[in-house]
Amino acid sequence: MSVLIAADFDAADRAAWWSALSAALPGERLVSSVAEAADDAIDIALVANPPAGALQDLGSLRLIQSLWAGVDKLLADPTVPLGVPLARMVDPAMNAAMAETALWAVLGLQRHFFDYAASQRTSQWKPLPQRRADDVTVAVLGLGQMGRAAAQRLVQHGCCVQGWSTRPCTVDGVQSHAGDAAWPDVLARAQIVVNLLPLTPATRGRLNAAAFAQMPRGASLVNLARGAQVVEADLLAALDSGHLHRAVLDVFSTEPLPVSHPFWSHPRVTVLPHVAAQTDPRSAAAVVAANVAALRRGLPLEHLVDRVRGY
Ligand code: NAP
Ligand code: GLV
């Protein structure tokens, strides 16, 4: 049996992943294409943005292991076989990276550091009132792996943290809310909204004009999840009207963000190139190896995606 690695890695990523996976899966035959597997059947696919159709016609497939946390693209690909268990990447190192990015964004907004960077570009010496962490209420949308880690880091920092998820849950120090009925209140209380929801039919386009209108004047948006959850034209309108103060965006409807996109030059938008939490092969390979070992031994697989929920 062979393990197919289907990914859009660049040369550096490819080298790092092959080295980490070869070390973590010493008994497995790793191949990068069906042709390379030749007569050997492929029963496991490790995928990261695989080319369309990469998993088609693999009749022996028993596990699809995503190297990414979000599986929205896989679920949207009709050629990904429905009957095969799909596991996503859950790695504490990745959660920690996301918590760092959320803290950086919230701290930058709380203390106006993004505004000072903008002032520097126009040689303006312009001190602003200093805010304490506990002056700021942050709403973290999604309290899963990423959202919990981010919310906990923001609690440690001293912010007042509200959380929002589908099902009620408890996170130390976080005032958590569940379900659509709580959505308007969660937004209305937040000076900063940090989006960490998976992309599903229920979350696509959810951060739109109506949502921005619920947020208090002067609030800011931090989107670290998926671009398609934000209606970009509505966000630009809310920024331009002055209702929203700033947006810190890691993800976009189209990636890479087209050079002509207004976000690049907007004075109150900060753009990151989808790097809030990159999978680190050094720790992620062990997560993959645990699921491969479970499959080989007939034990339950971890981090399986609920295809109906979409995450
Ligand atoms: P997760 O563990 O599956 O958590 C998802 C959370 O969202 C859960 O709390 C879930 O609530 C909540 N949720 C889902 N749909 C909802 C809805 N309609 N209304 C309210 N709450 C809802 O996912 P994760 O590992 O934290 O990752 C979240 C997303 O982050 C990924 O899907 C991916 O898109 C993104 N991500 C981005 C990067 C980056 O570098 N920018 C890196 C990694 C991940 P329940 O559990 O109560 O249903
Ligand atoms: C990155 O965006 C991921 O989903 O892992």
Side-chain angles (χ1 to χ4, degrees), residues 7-9 13 17 46-50 65-76 86-102 104-105 139-153 161-171 174 176-187 193-207 211 222-230 248-253 255-257 270-281 283-284 287-288 302-311:
D8 67 345
F9 294 147
D13 280 344
W17 275 105
L46 310 180
V47 299
N49 263 350
Q65 171 70 59
S66 172
L67 304 180
W68 281 37
V71 290
D72 43 286
K73 273 196 190 152
L74 287 170
L75 294 180
L86 167 62
R88 66 192 196 91
M89 180 50 61
V90 172
D91 178 357
M94 207 173 169
N95 301 346
M98 185 59 87
E100 285 173 358
T101 306
W104 160 80
V140 177
L141 308 179
L143 286 174
Q145 296 289 329
M146 303 285 156
R148 274 170 188 262
Q152 282 166 341
R153 186 62 69 88
V161 183
Q162 309 273 318
W164 187 68
S165 55
T166 314
R167 296 161 281 196
C169 68
T170 306
V171 183
V174 175
S176 62
H177 309 266
D180 288 340
W183 170 255
D185 271 358
V186 169
L187 294 182
V193 169
V194 177
N195 178 37
L196 282 167
L197 291 165
L199 179 61
T200 68
T203 67
R204 182 178 291 276
R206 184 144 199 147
L207 291 161
V222 178
N223 188 17
L224 307 178
R226 286 292 183 264
Q229 290 159 336
V230 172
V248 180
L249 307 173
D250 180 55
V251 284
F252 304 90
S253 290
E255 294 181 5
L257 186 64
T270 299
V271 170
L272 294 178
H274 200 143
V275 290
Q278 295 168 284
T279 316
D280 186 335
S283 49
V287 178
V288 172
E302 294 205 310
H303 315 309
L304 289 178
V305 172
D306 178 334
R307 290 181 191 251
V308 176
R309 282 186 177 274
Y311 56 97

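As the structure lists them, so they are numbered: ligands from 1, and atoms in each ligand from 1. Nothing here was measured: the structure is a model prediction, and the numbers come from that model.
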Novice: With respect to Arg167, determine whether any N or O atom, backbone or side chain, lies less than 3.5 Å from an N or O atom of ligand 1.
Specialist: yes
Novice: Just going by heavy-atom distances, which of Ala178, Ala225, Pro198, Gly179 is nearest to atom 7 (O) of ligand 1?
Specialist: Pro198
Novice: State, to 0.1 Å, how close Thr166 and Arg309 come at their nearest heavy-atom pair, and which atoms those are.
Specialist: CG2-NH1, 4.0 Å
Novice: For Met94, take its heavy atoms, then give the atoms of ligand 2 lying under 4.0 Å from any of them.
Specialist: 5 (O)
Novice: Report, in ascending order of atom number, the atoms of ligand 2 lying under 4.0 Å from any heavy atom of Gly70.
Specialist: 3 (C), 4 (O), 5 (O)
Novice: Looking at ligand 2, is there an atom of it that comes within less than 4.0 Å of some heavy atom belonging to Arg226?
Specialist: yes
Novice: Could you tell me the residue and atom name of the protein heavy atom closest to atom 37 (C) of ligand 1, and the distance to it rounded to 0.1 Å?
Specialist: Leu224 O, 3.2 Å
Novice: Tell me the contacting part of Met89 for ligand 2: side chain, backbone, both, or neither, using a 4.0 Å heavy-atom threshold, strictly below.
Specialist: neither
Novice: Please report whether ligand 1 has a polar contact with Gly70, defined as an N or O pair separated by less than 3.5 Å (distance criterion only).
Specialist: no
Novice: Tell me, please: is Arg206 in heavy-atom contact with ligand 1, that is, under 4.0 Å?
Specialist: no
Novice: Are any of the N/O atoms on Asp180, whether in the backbone or the side chain, positioned under 3.5 angstrom from an N/O atom of ligand 1?
Specialist: no
Novice: Quick one: sort the Phe9 and Trp17 rings into parallel, tilted or perpendicular, breaks at 30° and 60°.
Specialist: parallel
Novice: If I apply the N/O under 3.5 Å rule, does Asp250 come out as touching ligand 1?
Specialist: yes
Novice: Is ligand 1 under 4.0 Å from a heavy atom in the side chain of Ala202, in the backbone, in both, or in neither?
Specialist: side chain
Novice: Checking a contact table here: which protein heavy atom is nearest atom 33 (C) of ligand 1, and how many Å away?
Specialist: Arg226 NH1, 3.6 Å
Novice: Do Leu74 and Pro50 have side chains that approach each other closer than 4.5 Å (heavy atoms only, starting at C-beta)?
Specialist: yes
Novice: Just to confirm my output: which protein heavy-atom neighbour is closest to atom 42 (C) of ligand 1, and how far is it?
Specialist: Ala277 O, 3.3 Å
Novice: Nearest protein heavy atom to atom 48 (O) of ligand 1, by residue and atom, and its distance?
Specialist: Tyr311 OH, 2.4 Å
Novice: Within a strict 4.5 Å, meaning less than it, do heavy atoms of the Arg204 and Leu199 side chains meet?
Specialist: yes
Novice: Please say whether Leu197 places an N or O atom under 3.5 Å from an N or O atom belonging to ligand 1.
Specialist: no
Novice: Specify side chain, backbone, both or neither for Arg309, according to which of its non-hydrogen atoms lie closer than 4.0 Å to ligand 1.
Specialist: side chain
Novice: Please determine if Thr166 has a nitrogen or oxygen closer than 3.5 Å to a nitrogen or oxygen of ligand 1.
Specialist: yes
Novice: Closest non-hydrogen protein atom to atom 38 (C) of ligand 1, residue and atom name please, with distance?
Specialist: Met98 CE, 3.4 Å
Novice: So is Trp164 polar-close to ligand 1, meaning N/O to N/O under 3.5 Å?
Specialist: no
Novice: Any N/O of Gly144 closer than 3.5 Å to an N/O of ligand 1?
Specialist: yes
Novice: Which atoms of ligand 1 have any heavy atom of Leu196 under 4.0 Å away?
Specialist: 28 (C)
Novice: Report yes or no: does a heavy atom of Arg88 sit under 4.0 Å from some atom of ligand 2?
Specialist: no
Novice: Taking only heavy atoms of Ala69, which atoms of ligand 2 are found under 4.0 Å from at least one of them?
Specialist: 3 (C), 4 (O), 5 (O)
Novice: Please step through side chain to side chain contact (heavy atoms under 4.5 Å, CB included) for the pair Thr203 and Arg226, ending with a clear verdict.
Specialist: CA-CA 10 Å; Thr203 67; Arg226 286 292 183 264; over 6 Å; no
Novice: Which atom names give the shortest non-hydrogen contact between Thr101 and Ala276, and what distance separates them?
Specialist: OG1-O, 2.7 Å
Novice: To the nearest 0.5 angstrom, please state how far the CD atom of Gln65 sits from the NE2 atom of His303.
Specialist: 8.0 Å
Novice: Measuring only between side-chain heavy atoms, which start at C-beta, is Val275 closer than 4.5 Å to Asp250?
Specialist: yes
Novice: Any N or O of Gln145 that comes nearer than 3.5 Å to an N or O of ligand 1?
Specialist: yes
Novice: Can you tell me which residue and heavy atom of the protein come closest to atom 26 (O) of ligand 1, and the distance to 0.1 Å?
Specialist: Met146 N, 2.8 Å
Novice: Give me the atom names and distance for the closest heavy-atom approach of Pro168 to Ala178.
Specialist: N-CB, 3.5 Å
Novice: With a 4.5 Å cut-off on side-chain heavy atoms, are Val140 and Val174 touching?
Specialist: no
Novice: List the closest protein heavy-atom neighbour of atom 2 (O) of ligand 2: residue, atom name, distance to the nearest 0.1 Å.
Specialist: His274 NE2, 2.6 Å
Novice: Determine, stepwise, if the pair Asp185 / His177 fulfils side chain to side chain contact (heavy atoms under 4.5 Å, CB included).
Specialist: CA-CA 9 Å; Asp185 271 358; His177 309 266; 5.9 Å; no
Novice: When rounded to the nearest 0.5 angstrom, what is the spacing between CG in Leu207 and CD in Gln229?
Specialist: 7.0 Å
Novice: Can you find a heavy atom in the side chain of Val90 that is under 4.5 Å from one in the side chain of Glu302?
Specialist: no
Novice: Side-chain contact test, heavy atoms from C-beta onward, threshold under 4.5 Å: evaluate it for Tyr311 versus Leu197 and give yes or no.
Specialist: no
Novice: Is the closest side-chain heavy-atom distance between Val271 and Phe252 below 4.5 Å?
Specialist: yes
Novice: Could you walk me through whether Trp164 and Leu196 satisfy the side chain to side chain contact (heavy atoms under 4.5 Å, CB included) test, starting with their C-alpha distance in whole Å, then the side-chain angles of each, then the deciding distance to 0.1 Å, before giving a yes or no?
Specialist: CA-CA 10 Å; Trp164 187 68; Leu196 282 167; over 6 Å; no
Novice: Provide, to 0.1 Å, the distance between atom 44 (C) of ligand 1 and the closest protein heavy atom, together with that atom's residue and name.
Specialist: Ala69 CB, 3.7 Å
Novice: Check the pair Arg307 / Leu75 against side chain to side chain contact (heavy atoms under 4.5 Å, CB included), numbers first and verdict last.
Specialist: CA-CA 7 Å; Arg307 290 181 191 251; Leu75 294 180; 4.1 Å; yes
Novice: Which residue supplies the protein heavy atom nearest to atom 2 (O) of ligand 1, what is that atom called, and how far is it?
Specialist: Arg88 NH2, 2.8 Å
Novice: Using a plain distance cutoff, I'd like to know if Leu143 has any nitrogen or oxygen under 3.5 Å from a nitrogen or oxygen of ligand 1.
Specialist: yes
